[in-house]
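No hydrogens, no waters, no symmetry mates; every other heavy atom, side chains included, goes into these values.
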Amino acid sequence: MERIEITCAELVEVRTLTRTVAARYGTPDNHEFLNDASAIAHELPRRLRQTLCHFRLFEPASAMLVISGWKVDDDKIGPTPEHWQHAAGGDTREDEMFLLLLASLLGEAIGWSTQQDGRVVHDLLPIKGHEHEQVGTGSEELITPHVEDAFHPYRADYLGLLCLRNPDRVPTTVAPISNVRLSEEALAILSGPHFVIRPDNSHLPKNAGSDTARTPEEEALVRKAYRKIERMGNHPEPIPILFGDLQTPYVRMDAYFMDPPADPAARVAFADLQRKVDEALQDCVMAPGEICFVDNFQALHGRKPFKARYDGRDRWFKRINVVRDLRKSRDARQSAASRVMY
Ligand SMILES: [Fe+2]
């Protein structure tokens with residue numbers, strides 16, 4: 001994986017910037033902040049900007065960039081909330097704003113109206129009752145390797161994670177597709193439209209917030225978005241798993257939400273690919289303050305199981321989805337600059 005460590009001098013610059021930005025814009029989900037983020041990011045230290053820009057441009061096969069050196073103030077962020085709906089208790093504004101500023105050098109952060117109530121920054125923390133769910137708020141279930149929102153044509157190009165707390169050193173797992181060796185025959189089959197991916201559980205109505213304030217117009221839009229997810233679940237479009245340049249392919253896969261294909265050769269190739277992805281899976285233990293960006297076209301990611309504590313000290317990550325081209329999803333968003341997908 002690619003790595004960059006923020007130096008002490010750079011950290012002083014970054015802190016000055018995030019403090020000013022937090023005072024000016026208040027919260028990271030402030031539209032004005034999101035609209036200005038890519039301009040403000042020009043004020044980040046040049047070495048950081050260059051690293052992110054090169055990660056975007058050169059698409060390294062390792063498909064993952066880890067940025068360390070950011071300091072999380074454990075007292076300031078407060079206890080790990082019991083639910084993502086109650087994540088506003090502590091103060092994580094500067095942490096989130098730094099994550100979003102870095103992300104704006106890769107593209108635009110987006111949210112899904114059907115996931116964590118359309119928030120652009122998600123909270124990954126264990127929720128009581130979700131222990132055995134295949135979602136980011138689960139704990140005891142292995143999160144199997146997947147491309148984030150693989151079912152959706154407007155899925156992110158990058159997944160951004162910021163570790164606030166990880167007391168049991170629970171590994172995030174990553175499998176770059178470049179580490180999976182495939183025969184010419186397997187490449188040909190896997191790049192054909194033989195596969196279907198259903199929406200993952202994080203987009204189900206049962207995982208929506210329970211106390212979200214919406215206007216009747218917004219409520220109608222969200223209901224429509226859930227119907228769209230339901231349709232995508234009932235009638236998934238056949239797609240290829242591998243695409244782009246097949247010498248260095250892009251990948252679209254979430255085996256947990258895929259059926260074995262009807263075609264026997266495709267079924268064999270798919271089972272073989274799953275085995276090879278499992279073999280290619282690497283552990284990445286993130287410490288508080290570490291940030292990583294995973295290339296969601298070149299790698300699958302997951303998480304090892306863990307035992308939640310529910311004592312305010314649990315594993316707590318912030319997650320964002322970043323697209324390189326906001327324009328391609330214009331038919332799913334309310335305005336050109338809107339970031340929420342319906
Ligand atoms: Fe994920």
Output yes when [X] and [Y] qualify as a salt bridge under the 4.0 Å nitrogen-oxygen rule, no when they do not.
{"X": "Asp263", "Y": "Arg267", "answer": "no"}
{"X": "Lys307", "Y": "Asp314", "answer": "no"}
{"X": "Asp29", "Y": "Arg119", "answer": "no"}
{"X": "Glu108", "Y": "Arg339", "answer": "yes"}
{"X": "Lys206", "Y": "Glu133", "answer": "yes"}
{"X": "Asp168", "Y": "Arg315", "answer": "no"}
{"X": "Asp254", "Y": "Arg198", "answer": "no"}

Backbone of [Y] reached by a side-chain donor or acceptor of [X] within 3.5 Å:
{"X": "Asn35", "Y": "His31", "result": "yes"}
{"X": "Ser113", "Y": "Met341", "result": "yes"}
{"X": "Arg15", "Y": "Lys71", "result": "yes"}
{"X": "Ser191", "Y": "Phe243", "result": "no"}
{"X": "Glu96", "Y": "Arg93", "result": "no"}
{"X": "Lys318", "Y": "Leu164", "result": "no"}
{"X": "Asn166", "Y": "Met286", "result": "yes"}
{"X": "Thr7", "Y": "Glu10", "result": "yes"}
{"X": "Arg303", "Y": "Pro171", "result": "no"}

His194 ring center within less than 6.0 Å of Phe270 ring center: no
Identify whether [X] and [Y] are in the same connected component of the hydrophobic contact network (ILVMFWY, side-chain heavy atoms under 4.5 Å).
{"X": "Val251", "Y": "Leu159", "answer": "no"}
{"X": "Ile177", "Y": "Met258", "answer": "yes"}
{"X": "Ile4", "Y": "Ile6", "answer": "yes"}
{"X": "Leu102", "Y": "Met64", "answer": "no"}

Between [Y] and [X], is there a side-chain donor-acceptor contact under 3.5 Å, judged purely by atom types and distance?
{"X": "Ser139", "Y": "Glu131", "result": "no"}
{"X": "Arg165", "Y": "Thr80", "result": "yes"}
{"X": "Thr144", "Y": "Gln134", "result": "yes"}
{"X": "Glu13", "Y": "Thr16", "result": "no"}
{"X": "Asp200", "Y": "Tyr256", "result": "no"}

Would a 4.5 Å heavy-atom cut-off, applied to side chains only, mark [X] and [Y] as touching?
{"X": "Arg19", "Y": "Glu94", "answer": "yes"}
{"X": "Ile291", "Y": "Val66", "answer": "no"}
{"X": "Arg275", "Y": "Asp278", "answer": "no"}
{"X": "Trp316", "Y": "Thr92", "answer": "yes"}
{"X": "Tyr158", "Y": "Val294", "answer": "no"}
{"X": "His146", "Y": "His301", "answer": "yes"}
{"X": "Thr27", "Y": "Tyr25", "answer": "no"}
{"X": "Ile40", "Y": "Phe33", "answer": "yes"}

As a test of understanding, state which of Asp325, Asp331, Asp149 forms a side-chain hydrogen bond (donor to acceptor under 3.5 Å, both in side chains) with Tyr154. Asp331
I want to check a possible cation-pi pair here: Arg155 against Trp112, using under 6.0 Å from ring centre and within 45° of the ring axis as the test. no
Taking all non-hydrogen atoms of both residues, which atom of [X] and which atom of [Y] are closest, and how far apart?
{"X": "Val323", "Y": "Asp157", "answer": "CA-OD1, 3.4 Å"}
{"X": "Arg3", "Y": "Ser68", "answer": "NH1-OG, 4.5 Å"}
{"X": "Leu100", "Y": "Ala109", "answer": "CD2-CB, 3.7 Å"}
{"X": "Pro305", "Y": "Leu142", "answer": "CD-CD1, 3.8 Å"}
{"X": "Ala63", "Y": "Ala299", "answer": "CB-CB, 3.7 Å"}
{"X": "Ile189", "Y": "Ala269", "answer": "CG2-CB, 4.0 Å"}

Do other residues, nucleotides or ligands put more than 12 heavy atoms under 6.0 Å from the [atom1] atom of [X]?
{"X": "Gln274", "atom1": "CD", "result": "yes"}
{"X": "Arg214", "atom1": "CZ", "result": "yes"}
{"X": "Arg330", "atom1": "CZ", "result": "yes"}
{"X": "Glu219", "atom1": "CD", "result": "yes"}
{"X": "Lys224", "atom1": "NZ", "result": "no"}

Taking side-chain contact (heavy atoms from CB on, under 4.5 Å) as the criterion, tell me which of Thr20, Leu101, Leu17, Val21 meets it with Glu43. Leu17
Fellow cluster residues of Val222, listed by chain then number, with links counted only when side-chain atoms sit under 4.5 Å apart: Leu221, Tyr226, Val340, Tyr342
Name each donor-acceptor pair under 3.5 Å that joins a side chain in residues 52-61 to protein atoms two or more places apart or in another chain, with its distance.
| unit_1 | atom_1 | unit_2 | atom_2 | d |
| --- | --- | --- | --- | --- |
| Arg56 | NE | Leu106 | O | 3.0 |
| Glu59 | OE1 | Tyr250 | OH | 2.7 |
| Glu59 | OE2 | Tyr250 | OH | 3.2 |

Under the salt bridge (charged side-chain N to carboxylate O under 4.0 Å, His left out) rule, what do Glu32 and Arg24 come out as? Steps first, then yes or no, please. CA-CA 10 Å; Glu32 285 172 29; Arg24 176 165 176 199; over 6 Å; no
If you apply the rule salt bridge (charged side-chain N to carboxylate O under 4.0 Å, His left out), what do you find for Arg169 with Asp283, and how did you get there? CA-CA 10 Å; Arg169 298 178 51 79; Asp283 281 358; over 6 Å; no
